[in-house]
There are 2 protein chains.
Amino acid sequence: MLFFTQCFGAVLDLIHLRFQHYKAKRVFSAAGQLVCVVNPTHSLKYAPTRCAAAQTSVEQSVLPSCHHHEAVHDPQLVPCTCPLFSCPWEGHLEVVVSHLRQTHRINILQGAEIVFLATDMHLPAPTDWIIMHSCLGHQFLLVLRKQEKYEGHPQFFATMMLIGTPTQADNFTYRLELNRNQRRLKWEATPRSVLECVDSVISDGDCLVLNTSLAQLFSDNGSLAIGIAITTSKVHNAEDEM
Amino acid sequence: MLFFTQCFGAVLDLIHLRFQHYKAKRVFSAAGQLVCVVNPTHSLKYAPTRCAAAQTSVEQSVLPSCHHHEAVHDPQLVPCTCPLFSCPWEGHLEVVVSHLRQTHRINILQGAEIVFLATDMHLPAPTDWIIMHSCLGHQFLLVLRKQEKYEGHPQFFATMMLIGTPTQADNFTYRLELNRNQRRLKWEATPRSVLECVDSVISDGDCLVLNTSLAQLFSDNGSLAIGIAITTSKVHNAEDEM
């Protein structure tokens, strides 16, 4: 049994490497703002073969999905928060960032305001564009996901999660801004904690949601630029006049 | 045949009056801003019996739907732009506002910034919330529509149209803003002309789009407050730095 588990593991690593290939990243600065080119990754998390394999490989131990993190024996340990892969890793919250960088090759960027430039928006769902953003002494995970909630009608969902606890997350406000073709769309909210699971945030629709036609209006040559800014909540509350 | 047409007309007028009953409007001022309470109106435009009756009543003459305004014989005449009812009226653009006020009882509000408070958001689709807004020497039509693009999944679509030509519309920018529960969503765009038809703007999704869960997050006790501001485009272009 252990032999089969290891075989599955090797196959999964190969699949993983295959997709890492597409995650090349280029960073440049335009008009004083850091522009980060983020290439898409086809999400493997919900592919049926991958799920079955992942379940076999961990042999009835704690599942790596964030829906199951209540079942972790040591309350200090959290499962892998990578939205792309079902990964059996678990560890302390402080080392989640290094796990995401080293194992899942998710890039990290510094700066209060950056532009996230997602390429190849035409690729079929499910597809994810992911980056980590280091700002104000914390790390955030930005996820743009193309998903078909209604069959044949893909939508784009963008959200920002704090790699920290929900209490820490309450101290921040993030803003996502699209601006093109005489249209501007801004979404501001308190980031959710990665402990709350990106999948449930997206299935609840509590994030920036774009239909395909709106995504096309905001895209330039197949790429979507999302301006990102993070502030502390105190600043947000002072501004909070409608 | 003329007798039947007139009978149909009388029945339609009664249905129309029945729905006018629900369009009572209250206006009050809160924190220096004009708050306009807009009650819903069940859209009759796409009810099959209504469409068939309207077609009979106009007896193969020009259809009142805006999709057909190219067929108007006098190019100076425009069809009724009311998004609620298929109405056989046509007239000059300058008298559209008085037609909408007098025949369709759509209220008009003055002021550069107003709050549109849509009540009874839980009512089933198709439902419309409509008001006219007089500002910067022009009149705008604000439409919030609850519609099921995907069966069983109602969405909310909000847009602002200029009661004027597309060239006149290009001189303005409108902003719709939702702000509640530590979330803020802003949509800014150039208004479309009423000659372009509100239905096609909504079916294209080129407007503020809200799914049900997001609408609930922004609602208070079943009412959704939308802050509205209109500016001239020159101001918008100067601000247009991302």
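A, B, ... follow the sequence lines: proteins, then strands. Residue 1 opens every chain.
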To the nearest 0.5 Å, how far apart are CG in B/N211 and CG in A/D204? 9.5 Å
Between A/G205 and B/S213, which heavy-atom pair has the shortest distance, and what is it? CA-OG, 4.1 Å
With heavy-atom distances below 4.5 Å as the criterion, would you say the side chains of B/D170 and A/Q182 are in contact? no
Can you say whether A/D206 sits under 4.5 Å from chain B via the side chain, the backbone, both, or neither, judging by heavy atoms? both
Below 30° counts as parallel, above 60° as perpendicular, anything between as tilted: where do the rings of A/W187 and B/F218 land? perpendicular
With a 4.5 angstrom heavy-atom cut-off, is it the side chain or the backbone of A/Q155 that approaches chain B, or both, or neither? side chain
Heavy-atom contact with chain B under 4.5 Å, split by part of A/Y174: neither
Measure the spacing between CG of B/L185 and CD of A/E188 and express it to the nearest 0.5 Å. 10.0 Å
Any chance CZ of B/R101 has more than 12 other-residue heavy atoms, nucleotides or ligands included, within less than 6.0 Å? no
Beyond-backbone contact of A/V209 with B/L210, side-chain heavy atoms, under 4.5 angstrom: no
